[in-house]
Amino acid sequence: QVQLVESGGGLVQAGGSLRLSCAASGRTFSSYAMGWFRQAPGKEREFVASISWAGTIKYYVDSVKGRFTISRDNAKRTMYLQMASLKPEDTAVYYCAARGSASVSRIASDYDSWGQGTQVTVSS
């Protein structure tokens, strides 16, 4: 398994931007596909974006396409989620996740390791 720590959350006005980071520890970070999920109060955890180990394949949920960008820097063992044009409905706890496979997935149960989450609040 790999240990994950998210950072970069906070309070922002609608239309603003934030960049989340997910720092990983472990020897084989570059072989893991990674993902971002979020959970709003009273709702189930939902897929946001995922990225292959090489960063060449990326998936997004339709509601964030064109606004969010997922990326990774394997040398720094860090994954990012650049969020722009934020909306109040983006408010949630954001979690990063890693799976012990090179292939990308949108399914939470495919991921083996999870961070503790970082709160993103978008005010209207």
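Here the structure is a predicted model, which means the values were calculated and not measured.
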Count the heavy atoms of every other residue, nucleotide or ligand shown that sit under 6.0 Å from CD of Q116, and state whether that count exceeds 12.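 Atom CD in Q116 is crowded, with more than 12 foreign heavy atoms closer than 6.0 Å.
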Can you name the closest pair of heavy atoms from [X] and [Y] and give their distance?
X    : Y   : answer
C96  : M79 : CB-CE, 3.6 Å
Y94  : V48 : CE2-CG2, 4.3 Å
S124 : P88 : CB-CG, 3.8 Å
L81  : A49 : CD1-CB, 4.3 Å

Looking at T91, V64, T118, which hits side chain to side chain contact (heavy atoms under 4.5 Å, CB included) with R38?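 Per the side chain to side chain contact (heavy atoms under 4.5 Å, CB included) rule, the option paired with R38 is V64, out of T91, V64, T118.
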Which pairs pass side-chain hydrogen bond (donor to acceptor under 3.5 Å, both in side chains) with one or both residues in residues 100-109, sequence neighbours excluded? R99-S103, S101-S103, S105-D110
To the nearest 0.5 angstrom, please state how far the OG1 atom of T69 sits from the CZ atom of R19. 11.5 Å
Any chance you could measure D112, atom CG, to L4, atom CG, to the nearest 0.5 Å?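 It is 10.5 Å, given to the nearest 0.5 Å.
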I'd like to know if K65 and D62 make a salt bridge, using a cut-off of under 4.0 Å between side-chain N and carboxylate O. yes
Is L20 reachable from V2 through a run of I, L, V, M, F, W or Y residues, each pair having side-chain heavy atoms under 4.5 Å apart? yes
W36, V12: one ILVMFWY side-chain cluster at the under-4.5 Å cut-off?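 Yes, one cluster joins them.
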Between S123 and Q13, a side-chain donor and acceptor under 3.5 Å: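 No pair is found: no donor N or O on one side chain lies under 3.5 Å from an acceptor on the other.
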Can you see whether Q119 engages T121 through a side-chain donor-acceptor pair at a distance of less than 3.5 angstrom? yes
Donor-acceptor check, side chain of Q82 to backbone of F68, threshold 3.5 angstrom: yes or no?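 Checking the backbone N and O of F68 against the side chain of Q82, no donor-acceptor pair under 3.5 Å is found.
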Pairs meeting criterion ring pair (Phe, Tyr, Trp, His ring centres under 6.0 Å) with involvement of residues 101-124, two or more places apart: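 Sorted pair list: F37-Y111, F37-W114.
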